[in-house]
Amino acid sequence: MSNEVSTEILATHVLDLAKSGKRLDGRALDEMRHLHITPGYVTSADGSALVELGDTKVLAGIKLEPGTPFPDTPNAGVLTTNAEIVPIASPEYEPGPPSIQSVELSRVVDRAIRAAEAIDLKGLCVTPGEKCWTCFVDLHILDDSGNLTDAALIAAMAALRNAKLPAERFELGETKPLDVRHFPIETTFVRIGDAIVVDPSSAEEGTCQGRLTIATDEEGNVVAMQKAKVGAFSPQDVAELVERAFVHGNKVRAALGQLG
Amino acid sequence: MGSVGAKDIPELLDANGKRIDGRDLNELRPLKIEAGVLQRATGSAFVEWGENKVMAAVYGPREVHPRHMQENTKAVVQCRYNMASFSVDERKRPGLDRRSQEISKVIGEALESVLFVEEYPRTSIGIYIEVLQANAGTRCAGLVAASVALADAGIPMSDLVPAVAVGKVAGKLALDLRKEEDNYGEADVPMALVPKSGRLVLLQMEGHMTRDELKTAIDMGVQGCHKIYEIQKEALRKRYSIAHDGGDAQ
């Protein structure tokens, strides 16, 4: 099958380039793609942001609606994160129930938001045990050109920072900005032979030997991690990548912070 | 984290630094592994780890179903981690929820990292993990069981894969969390090690840790994994000696 042949040629090529510190798209091993964020892209949402990370495009929309707290957290609002990889995102799309990739994506993004306590869930409680706000973070993947995870969390955070709690619409007081307290950013690396590159393209993700996502917050904590794909990282690799994740995360936080 | 709106948070560490079940911070729960517990499977294993009971079966290499998933250059590793509805306090809806799907994916990828899949093109290696009783750390218990089941099935692999979680409870790093520590702790880092290469094939994290804490946590986990590795090997030795003596050893 020609597909397998071309995949193998590409894999060998990516590997050869990495040996001399190069990448398919000309980036340095530690260089992320150009990041562009458009907050408030969709006015029908309570908060939104379009993130373009190189050719990868993710649109995040926030909807806030009154709901019921979970029985085990009667004093807190509810956070629900969902990622949908839609057919326009890549030719690999297959109809049917959510793919395992989209399930993992939404769970890894959700984990970072939740563990970092990015939004004040207690502040979303209206009447303990009875009424609370449910915050839906919906991630629409428009173009899968690699590293959906980082792009999706940036989109989610930009959309949350852009969101207004629509209290007036539901006669629950005054509409006000959503209380966003922390700022998690995920940084994803893939192993290509002995090299480890940041912000992988889809070609790099397709041929890598292991992927590691590290979520950092603005206070110097690691708040979430996910190793995925076939491959391995040594504890020394992990320690080094954590340092790189902070450098990278702080850069992205600075860029996002300028948007206000 | 389970701390939001929680009712009564139990005392996770006492004045002597002992944990809720009397363990030290770097002490594993009792772990028993038995290989070859199922008749129909190519390989199998049962793990009893603290109050976890997990069974794993391996089938294959065999034909791929559905057929279109077949790959011409390697075996397809199909992994399913499933929890019994009665394995947790509040009945779980049967079937794979999103958590189980994610765990199936990362366990399958971790194990495929040690399997020589290129040796068996156009086949499938099926890894099935059933959690019968759960008390935190079931993904690690499942991985430990599945790894022994793969060896029991005689499927070539570069090493066994021990796994364990390290967490943070009452501000201290602790090995092999049990349920209360997982629910009310500040962080959880499950990991799986390939002892021969010293590399991690599964690594997840949720919670709050500084970079130094994370480094120490991984060191603790790696040491814990080496202990589990010995128990895995012992389970296989026992299995082989029984098989060799016609099944009536001891």
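Chain naming here is simple, since letters A, B, ... match the order of the sequence lines and numbering starts at 1 in each. Since this is a predicted model, take the numbers as computed values, not measurements.
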What are the two closest non-hydrogen atoms of A/Ala60 and A/Ala156, and how far apart are they? CB-N, 3.8 Å
Is it true that atom NE2 of A/His13 has more than 12 heavy atoms of other residues, nucleotides or ligands lying nearer than 6.0 Å? no
Only heavy atoms, only distances under 4.5 angstrom. Which residues in residues 111-124 of chain B are near chain A? B/Glu112, B/Ser113
With chain B, which of A/Glu104, A/Met225, A/Lys227 has the greatest number of heavy-atom pairs at distances under 4.5 Å? A/Met225
Using heavy-atom distances under 4.5 Å, tell me whether A/Ala116 contacts chain B through its side chain, its backbone, both, or neither. backbone
Given heavy-atom pairs under 4.5 angstrom as the criterion, report whether the side chain, backbone, both or neither of B/Leu214 touches chain A. side chain
At a heavy-atom distance under 4.5 Å, which candidate from A/Val222, A/Asp217, A/Val103 has the highest pair count against chain B? A/Val222
What side-chain donor-acceptor pairs closer than 3.5 Å can you find for residues 189-196 of chain A, not counting sequence neighbours?
unit_1: A/Arg191; atom_1: NE; unit_2: A/Ala232; atom_2: O; d: 3.0
unit_1: A/Arg191; atom_1: NH1; unit_2: A/Gly193; atom_2: O; d: 3.4
unit_1: A/Arg191; atom_1: NH2; unit_2: A/Ala232; atom_2: O; d: 3.2
unit_1: A/Arg191; atom_1: NH2; unit_2: A/Asp237; atom_2: OD2; d: 2.6

Segment of B/Val106 engaging chain A (4.5 angstrom heavy-atom cut-off): side chain
Would A/Thr188 and A/Asp150 count as having a side-chain donor-acceptor pair, cut-off 3.5 Å? yes
Taking atom types as modelled, is there a side-chain donor on B/Asp159 or B/Tyr229 under 3.5 Å from an acceptor on the other? yes
State whether a side-chain donor-acceptor pair under 3.5 Å links A/Thr81 with A/Arg107. no
With a strict 4.5 Å heavy-atom criterion, list every residue of residues 215-225 of chain B that contacts chain A, or say none. B/Lys215, B/Ile218, B/Val222
Using a cut-off of under 4.5 Å on heavy-atom pairs, state which of B/Met205, B/Glu109, B/Met209, B/Glu102 scores highest against chain A. B/Met205
Identify which part of A/Leu212 has an atom lying under 4.5 Å from any heavy atom of chain B, answering side chain, backbone, both or neither. side chain
Under a 3.5 Å cutoff, is there a donor and acceptor pairing between the side chains of B/Asp176 and B/Trp49? yes
Expected output: side-chain B/His208 to main-chain A/Ala115 donor-acceptor under 3.5 Å: yes
Pair A/Arg253, A/Thr216: side-chain N/O donor-acceptor within cut-off below 3.5 Å: yes
Among A/Gln226, A/Gln209, A/Gln236, which has the most heavy-atom pairs under 4.5 Å with chain B? A/Gln226
Please rank B/Gln101, B/Lys105, B/Arg211, B/Glu213 by heavy-atom pairs under 4.5 Å with chain A and give me the top one. B/Arg211
Whether the B/Glu63 and B/Gln70 side chains hold a donor-acceptor pair (N or O, under 3.5 Å, no angle test) is what I'd like checked. no
Of A/Asn221, A/Val223, A/Ile100, the largest count of non-hydrogen pairs under 4.5 angstrom with chain B goes to A/Val223
Audit row: B/Lys179, B/Asp182, salt bridge (Lys or Arg N to Asp or Glu O under 4.0 Å) steps and yes/no: CA-CA 5 Å; B/Lys179 193 170 62 188; B/Asp182 190 27; over 6 Å; no
Exactly one candidate in A/Leu124, A/Leu160, A/Ile113 meets side chain to side chain contact (heavy atoms under 4.5 Å, CB included) with A/Leu79; the answer is A/Ile113
B/Met83 and side chain to side chain contact (heavy atoms under 4.5 Å, CB included): which partner among B/Glu130, B/Gln133, B/Arg99? B/Arg99
Tell me, for A/Phe246 versus chain B, whether the close heavy atoms (under 4.5 Å) come from the side chain, the backbone, both or neither. side chain
Counting only heavy atoms closer than 4.5 Å, note whether A/Val242 contacts chain B via side chain, backbone, both or neither. side chain
So, A/Asp199 versus A/Asn147: side-chain donor-acceptor pair below 3.5 Å or not? yes
Going by the rule side-chain hydrogen bond (donor to acceptor under 3.5 Å, both in side chains), which residues pair with B/Ser104 if we only count those two or more places apart in sequence or in a different chain? none
